[in-house]
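Taking it in order: structure first as structure tokens, then the write-up.
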Amino acid sequence: MLRTNTCGELTIKNVGQIVSLCGWLARARDFGGMTFIDLRDRYGITQLVFNSETNKELYEQAKKLGREFVIRATGDVCERSNKNLKIPSGEIEIIVNKLEILNESKTPPFTIEDESDGGDELRMKYRYLDLRRTSVKNNLLQRHKVGQAVREYFDANGFADIETPFLIKSTPEGARDFVVPSRMSQGEFYALPQSPQTFKQLLMVSGFDRYYQIVRCFRDEDLRADRQPEFTQIDCEMSFVEQEDVLQMFEGMVKHIFKKVRNLDLPKFPRMTYANAMKYYGVDKPDTRFEMKISELNDVVKGKNFKVYDDAELIGGICAKGCAEYTRKQLDKLTEWVKRPQIGAGGLGYIKYNSDGTLKSSFDKFFDEPSLKKIAEKFSAKQGDLILILAGAETKTRKALGELRLEMGNKLGLRDKSRFECLWVVDFPLLEWNEEEQRWFAMHHPFTSPKKEDIDWMYNGYTEKNSSHAPKANAYDVVINGVEVGGGSIRIHNKELQQQMFKVLGLTKEETEQKFGFILNAFEFGAPPHGGIAFGFDRLCSMVISNEDYIRDYIAFPKNNSGRDVMLDSPSPIDEKQKKELGLK
RNA sequence: GGACUGGUAGUUCAGCUGGUUAGAAUGCUUCCCUGUCACGGAAGAGGUCGCGGGUUCGAAUCCCGUCCAGUCCGCCA
């Protein structure tokens with residue numbers, strides 16, 4: 001070993017020892033006679049001292065070192081005369097008597113400090129330098145801890161980690177596949193898995209009744225701050241279980257992670273139906289750190305000759321506590337915000353519940369005071385509160401109300417970074433009717449089982465397209481602070497029902513056989529009842545570690561917005577020769 | 001596919017209602033400094049103002065196009 005210790009471990013207890021340290025020169029402070037050097041490695045920073053009075057030659061040598069030089073220093077651990085209590089090693093320093101340059105370094109293009117001066121693009125291009133910074137480095141080390149906690153939990157509960165292939169078969173339904181050309185079967189392609197879904201189900205058929213995998217998945221869709229083309233899932237499946245068993249088991253996993261990584265004891269996760277989530281929060285992943293629930297106002301605002309509301313499918317609102325003092329300017333700004341194409345509301349109505357008890361609304365012309373009061377009662381609004389109202393087509397308005405709720409939550413500082421509110425959203429719809437393609441789509445995926453009471457509909461009712469009856473699924477999501485971190489379902493394990501599902505989804509017999517024959521065949525050989533869940537590992541990490549929904553700084557080498565790796569400059573063209581070999585030319 | 005924001009020194013940004021020599025901070029180089037820890041002080045180098053076109057006597061600044069980056073909508077079962 002070139003070193004006896006790391007830069008993070010020496011303290012006052014080590015005074016008197018002779019040590020060798022290796023690391024990168026983080027910063028040098030030269031006093032023209034003596035020089036201090038902060039030596040950095042993964043574990044921390046230790047100060048080296050060079051004094052011209054005691055060792056002139058070494059001092060001159062140290063002066064020549066540049067930032068990020070890799071050096072090896074040997075010397076005595078000494079107590080400092082001026083201590084720095086801000087860092088763990090701040091009570092000691094190394095009086096160096098031997099210095100070795102292991103490698104020189106060009107001056108890095110940005111400063112490698114906790115708060116770097118580098119922009120995103122540059123940091124991504126030199127990601128290996130960015131990873132030297134404490135914040136990103138710690139994210140990755142914490143991510144490792146999350147992974148360890150997961151494996152620990154699964155191992156203790158009898159789950160087996162089994163690998164599944166990456167070169168698989170393209171399937172219809174779901175996200176766009178990444179595709180790999182086959183050299184040996186020219187003109188044919190493998191697909192990279194969007195998730196190991198079918199494999200884990202086949203493992204259940206094989207009898208591995210508790211399976212998990214921390215595994216890469218690939219989806220060729222547009223990206224976001226919280227979405228990468230390749231991302232990691234904690235993929236899990238269990239046999240001989242009902243929904244309740246799955247919920248219990250994986251709630252336990254999330255709790256175990258928070259305990260191990262953040263030393264937090266989370267309370268039992270509340271359950272909320274999808275229907276209620278949409279009704280009260282306008283999304284299927286409610287941020288329950290604050291209330292401000294959506295109230296439907298159809299029964300109290302219709303019939304007042306206010307055309308906007310009389311014509312609207314849904315009128316709903318939220319009550320922002322203590323915002324009655326909002327100025328015209330602030331309200332105009334909010335109105336502008338809800339009218340942005342991304343939100344798409346027609347306008348914004350409001351009622352101010354003034355501190356003197358009077359009510360002032362944006363539609364006073366049509367509503368008398370008692371009518372306004374009636375609306376205010378819906379929210380249990382108090383003096384000083386502001387009620388914000390949106391109206392329009394039902395789905396769009398609910399969504400917009402959900403967005404407005406989050407925006408007000410942000411403005412009022414109700415989305416507390418130090419809090420974690422986890423919940424299960426249950427009873428998701430099984431299918432969604434797609435107007436454009438005039439067919440049903442699986443909301444979760446086509447292997448999700450319908451609720452018992454909807455099985456008959458699967459055979460006899462599904463042709464009544466977009467009927468008022470929406471079949472429900474044994475499907476569930478874990479939501480933390482408004483972020484969907486995982487989702488799963490109890491699967492179909494019966495061949496006939498699975499075939500029927502494909503039929504409902506509009507696949508022909510031939511397509512079904514060609515694309516999914518393997519799993520239907522497997523179901524003929526004793527498939528056990530089973531179900532599972534998959535967690536977005538990157539998202540879970542970013543939430544657990546920093547309570548944020550931006551995953552790039554939790555991935556060592558992420559891709560940018562357009563799916564490019566700016567460090568490698570990939571994707572890139574390939575040789576004509578390669579193309580020819582693959583039958584692409 | 002769409003909306004919005006940004007692109008100026010190595011870096012982060014200011015300048016942008018058109019007008020002498022495009023600034024600041026930081027980093028870098030040199031010098032001074034023996035207890036700093038974001039050390040301090042002095043001097044210096046460093047710019048195709050993303051790219052192309054247009055308007056104008058004159059464009060970093062206005063207009064059009066284009067590329068790149070970021071956030072969001074669509075999309076992501």
Quick one: list whatever passes ring-ring contact (aromatic ring centres under 6.0 Å, His included) with Phe502(A), sequence neighbours left out.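 So Phe502(A) forms a ring-ring contact (aromatic ring centres under 6.0 Å, His included) with Phe516(A).
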Looking at [X], I'd like to know whether one of its side-chain N or O atoms comes within less than 4.0 Å of OP1 or OP2 on [N].
X: Asn560(A); N: A69(B); result: yes
X: Thr35(A); N: U36(B); result: no
X: Asn561(A); N: U71(B); result: yes
X: Arg176(A); N: G74(B); result: no
X: Arg29(A); N: U36(B); result: no

If you check the [X] side chain, which of [options] turns out closest?
X: Arg552(A); options: G1(B), G10(B), G70(B); value: G70(B)
X: Gln342(A); options: C37(B), C73(B), G70(B); value: C73(B)
X: Ala225(A); options: G74(B), U71(B), U11(B); value: U71(B)

Nearest-Å distance once atom P is located in both U48(B) and U5(B): 27 Å
Would you kindly check whether a donor in the side chain of Arg224(A) faces an acceptor in the base of G74(B), or vice versa, at under 3.5 angstrom? yes
At less than 3.5 Å, do the side-chain atoms of Arg219(A) and the base atoms of C76(B) form a donor-acceptor pair?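 Side chain to base: no pair present.
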Base, sugar-phosphate or nothing for [X]? Non-hydrogen atoms, less than 4.0 Å.
X: Ser195(A); result: base
X: Glu121(A); result: sugar-phosphate
X: Leu122(A); result: sugar-phosphate

Euclidean distance, atom CZ of residue Phe110(A) to atom P of A9(B) [Å, nearest integer]: 17 Å
Per-nucleotide protein contact string for nucleotides 22-34 of chain B, where B marks a base within reach and S marks sugar-phosphate only (heavy atoms under 4.0 Å, - for neither): -----SS----BB
Below 4.0 angstrom, which residues in residues 86-95 of chain A have at least one non-hydrogen atom near RNA chain B? Lys86(A), Glu93(A)
